[in-house]
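What follows is a short report on a single structure.
All of these numbers come straight from a predicted model, not from anything done at the bench. Reminder, nothing fancy here: chain letters follow the sequence lines and each chain counts from 1.
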Amino acid sequence: MSETKQPVLLHDTLSGGKTELQTLIPGQVGIYCCGPTVYGLTHLGNTRAAVVPDVMVRFLRHEGYEVKYVRNLTDIDDKIIARANEEGVEAKDLANRFIDAYHHDLADLNLLDPDVEPRVSEHMSQIIELIESLVTLGLAYAVDGDVYYRVRSFGPYGQLSHRSLDELLEGAGSRIDVDERKESPLDFALWKAVKPDEPSWESPWGAGRPGWHIECSAMSSTHLGDTFDIHCGGRDLIFPHHENEIAQSQGAHGQGTFARYWVHNGFINFDGEKMSKSLGNFFTTRQITELYDPETVRYFLLTVHYRSGLNFELEVPCPSCGALLAKEDQESGKCPACGHESSPEVLKQRVRFPGLEDADDRLAYIYRTLAGARAFLANAKRPGNEEPPLESVSSLVEAFSAHLRNDFNTGGALGELSKPLNEVNGLLASGKGVSKAVRYRTIETIVQAMGEVAAMLGCFGQEPEAWLLRRRDSKAARIGLDVAQVEELLAQRIAARVAKDWAAADRIRDELAKWGVGVQDGPDGSVWSFL
RNA sequence: GGCGGCAUGGCCAAGUGGUUAAGGCGACGGUCUGCAAAAUCGUUACCCCCGGUUCGACUCCGGGUGCCGCCUCCA
């Protein structure tokens with residue numbers, strides 16, 4: 001597999017277009033992902049930024065690459081310190097707490113562990129060493145225990161964000177309070193002298209701590225070398241974070257070093273605007289996974305190309321008439337359509353996330369198909385003669401990977417699932433029109449193909465029956481549905497149907513429908529699910 | 001103000017210089033069903049506007065309009 005790889009295209013922010021991935025060492029890929037600053041719970045945007053490289057890593061491994069995946073944790077930072085001081089705890093303890101939460105949340109979403117997960121606090125000597133060499137090279141200067149990067153002396157500054165020094169200077173003067181001790185407003189801190197109530201480390205410039213950007217330069221070269229393949233992160237990191245990383249790393253290690261490709265994911269938008277902690281319009285991943293299966297969230301994030309914005313919508317229907325409430329009405333609680341007034345608590349329980357509902361239904365469809373396929377295989381006899389499976393199924397893996405090879409186009413790839421799944425459902429329902437061998441082989445092949453898809457995507461890999469059951473039960477728990485009671489009614493209904501007492505059967509079905517439960521009657525009994 | 005991105009059916013969303021412009025949701029009609037549901041079959045787009053390049057553009061170039069982002073912490 002590793003001998004002849006098909007080209008993988010990716011969009012590189014630096015060159016501004018799609019290029020073919022040519023790894024530094026053939027067959028190997030080094031990826032550095034800017035992980036979170038751990039001062040709060042992970043929000044959906046952070047999660048997307050972790051899921052995107054996760055799929056890249058899975059896919060490149062599937063393509064036969066040996067991948068070294070490094071994702072850092074920024075555990076020393078202004079906001080961590082501020083928050084810790086507010087809470088009256090050690091910054092380190094606060095950081096650790098949110099690191100645990102981060103790990104927990106990501107594991108839920110079936111994220112692979114990175115091969116290395118470096119922390120700033122554990123790379124102090126490398127950071128100091130890097131700053132020292134920048135000082136020695138004349139690219140940095142110390143003032144009163146602070147050390148700043150001398151941006152002007154790094155010629156290519158602005159290459160990633162496609163901005164010139166002049167443009168940047170115009171903005172800088174007007175929008176930030178300029179520290180008079182800096183030679184230029186653009187200069188940024190590599191090292192910050194200790195202030196009261198702050199953790200600090202000894203350095204040649206006195207006690208202090210690293211500035212925000214230096215850690216990624218230091219940790220990436222420590223774990224991937226001065227030059228490596230892919231550096232990824234959210235779009236908002238392009239400037240200044242990644243621009244500054246380039247200045248630091250190339251400043252110290254020379255032109256042509258550092259990341260060869262820059263991959264940046266788009267934002268999650270909420271109400272059409274960027275979801276962010278500073279705007280306060282964010283949802284933590286945990287809030288969402290309490291309502292929906294984590295795999296649903298993962299699937300949802302992958303339905304759209306990673307570079308695009310992903311709109312996260314919220315709907316609040318009126319509990320009385322079902323009309324969707326506008327933002328003002330959500331706050332007042334009064335429905336303009338029917339005049340019904342609801343308390344905030346009631347409305348909160350009614351909140352729906354249409355994108356996730358769709359994703360959940362789709363995932364259920366896929367798992368139901370898979371469950372059906374497995375059941376078929378378990379019961380059917382393997383035909384003696386071999387015949388090829390239906391084309392849509394036999395070509396699925398290739399069609400799917402082709403999309404991922406094209407800048408990790410998960411949205412396009414997911415679209416390739418429809419036809420084969422659809423045809424398999426047809427075969428499951430009836431063997432009309434095809435030979436037994438084709439039917440069997442097609443169903444057998446879809447199970448196998450979906451296994452490969454699962455390896456690439458990190459979705460669809462669970463036990464179908466278990467997933468379906470868990471989804472049903474967790475949703476039941478969420479809305480306070482008594483499953484035993486549902487089962488009881490269902491049993492009564494089955495009895496009524498056997499007795500051909502349609503009126504009673506329909507009455508029970510109506511009753512269940514009031515609870516949001518639907519029934520499906522099949523040749524061998526009835527099952528229930530959510531409407 | 002500077003820089004960057006986006007604009008595809010009712011909604012979401014892939015994609016291509018010229019064949020039938022994926023897929024999902026929704027809607028409508030059929031099959032199945034005691035009736036339903038689920039599943040399945042069928043129907044549902046000429047790609048923001050104006051110029052240009054081209055034999056031919058939704059796809060390339062220029063302009064316009066609109067939305068979003070970055071320029072300050074941010075995934």
Does [X] get its side chain close enough to the base of [N], under 3.5 Å, for a donor-acceptor pair?
X: A:R493; N: B:G34; result: yes
X: A:R163; N: B:C70; result: yes
X: A:H43; N: B:A75; result: yes
X: A:D521; N: B:C35; result: yes

[N] - base-pair partner by Watson-Crick or wobble geometry, distances under 3.5 Å:
N: B:C3; result: B:G69
N: B:A38; result: none
N: B:C60; result: B:G52
N: B:G23; result: B:C12

May I ask you to decide if the ring planes of [X] and [Y] are parallel, tilted or perpendicular, using 30° and 60° as cut-offs?
X: A:F282; Y: A:H43; value: tilted
X: A:W262; Y: A:H264; value: parallel
X: A:H241; Y: A:H213; value: tilted

Between [atom2] on [N] and [atom1] on [X], what's the gap in Å once rounded to a whole number?
X: A:N269; N: B:C68; atom1: CG; atom2: C1'; value: 7 Å
X: A:R405; N: B:G15; atom1: CZ; atom2: P; value: 15 Å
X: A:L404; N: B:A14; atom1: CG; atom2: P; value: 14 Å
X: A:W262; N: B:G4; atom1: CH2; atom2: P; value: 19 Å
X: A:H162; N: B:G4; atom1: NE2; atom2: P; value: 8 Å
X: A:I238; N: B:A75; atom1: CD1; atom2: P; value: 14 Å
X: A:D166; N: B:G2; atom1: CG; atom2: P; value: 14 Å
X: A:L370; N: B:A39; atom1: CG; atom2: P; value: 15 Å

Would you say [N] has OP1 or OP2 under 4.0 Å from some side-chain N or O of [X]?
X: A:R509; N: B:A37; result: no
X: A:N425; N: B:A39; result: no
X: A:N265; N: B:A75; result: no
X: A:K274; N: B:C70; result: yes
X: A:Y306; N: B:A14; result: no

How far does the [atom1] atom of [N] sit from the matching atom of [M], given to the nearest Å?
N: B:C47; M: B:A57; atom1: C1'; result: 11 Å
N: B:G62; M: B:C68; atom1: P; result: 24 Å
N: B:G10; M: B:U54; atom1: P; result: 34 Å
N: B:G51; M: B:C11; atom1: C1'; result: 32 Å
N: B:A37; M: B:C70; atom1: P; result: 46 Å
N: B:C49; M: B:U20; atom1: P; result: 22 Å
N: B:A14; M: B:C25; atom1: C1'; result: 15 Å
N: B:G4; M: B:C46; atom1: C1'; result: 30 Å

Kindly state whether the ring of [X] and the ring of [Y] have centres lying under 6.0 angstrom apart.
X: A:F312; Y: A:F353; result: yes
X: A:F300; Y: A:Y292; result: no
X: A:F258; Y: A:F228; result: yes

Taking any heavy-atom pair under 4.0 Å as a contact, classify [X]: base, sugar-phosphate, or nothing.
X: A:R352; answer: nothing
X: A:R368; answer: sugar-phosphate
X: A:G355; answer: nothing
X: A:L237; answer: sugar-phosphate

Compile the donor-acceptor pairs under 3.5 Å between side chains in residues 494-515 of chain A and protein atoms, sequence neighbours left out, one pair per line.
from, atom 1, to, atom 2, distance (Å)
A:D501, OD1, A:A504, N, 3.2
A:D506, OD1, A:R509, NH2, 3.4

Does A:D236 pair with A:K274 as a salt bridge, N-O distance under 4.0 Å?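 Here A:D236 pairs with A:K274 in a salt bridge, since their nearest N and O are under 4.0 Å apart.
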Contact nearer the 5' end of RNA chain B, comparing A:S161 with A:V519: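 Whichever sits nearer the 5' end wins; that is A:S161.
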Given that A:N409 and A:L421 both sit by RNA chain B, which one's nearest nucleotide is further toward the 5' end?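 Here A:N409 is the residue nearer the 5' end.
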For nucleotides 23-26 of chain B, which of its nitrogen or oxygen atoms have a protein nitrogen or oxygen under 3.5 Å away, and what is each distance?
from, atom 1, to, atom 2, distance (Å)
B:G23, O3', A:S418, OG, 2.7
B:G23, O2', A:S418, OG, 2.8

Checking contacts here: which listed nucleotide ([options]) is nearest the side-chain heavy atoms of [X]?
X: A:F267; options: B:C35, B:G69, B:U40; result: B:G69
X: A:E167; options: B:A75, B:G2, B:A37; result: B:G2
X: A:R307; options: B:C35, B:C6, B:C70; result: B:C6

Within the sub-3.5 Å range, which N or O atoms of nucleotides 10-13 of chain B have a protein N or O partner, and how far apart are they?
none

Under the criterion side-chain contact (heavy atoms from CB on, under 4.5 Å), I'd like the reasoning laid out for A:L165 against A:V151: C-alpha separation, chi angles, the key distance, then a yes or no. CA-CA 9 Å; A:L165 280 181; A:V151 168; 3.7 Å; yes
Applying side-chain hydrogen bond (donor to acceptor under 3.5 Å, both in side chains), name anything that partners A:K18, two or more places apart in sequence or on another chain.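 side-chain hydrogen bond (donor to acceptor under 3.5 Å, both in side chains) check on A:K18 returns A:N406.
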Which residues satisfy the side-chain hydrogen bond (donor to acceptor under 3.5 Å, both in side chains) test with A:R368, sequence neighbours excluded?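 Not a single residue meets the side-chain hydrogen bond (donor to acceptor under 3.5 Å, both in side chains) criterion with A:R368.
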Could you walk me through whether A:H103 and A:I99 pass the side-chain contact (heavy atoms from CB on, under 4.5 Å) check? CA-CA 6 Å; A:H103 285 155; A:I99 286 171; 3.5 Å; yes
Check side chain to side chain contact (heavy atoms under 4.5 Å, CB included) between A:T19 and all other residues, then give those that pass, not counting sequence neighbours.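 If we apply the side chain to side chain contact (heavy atoms under 4.5 Å, CB included) test to A:T19, skipping adjacent residues, the hits are A:L10, A:D12, A:S15, A:Y261.
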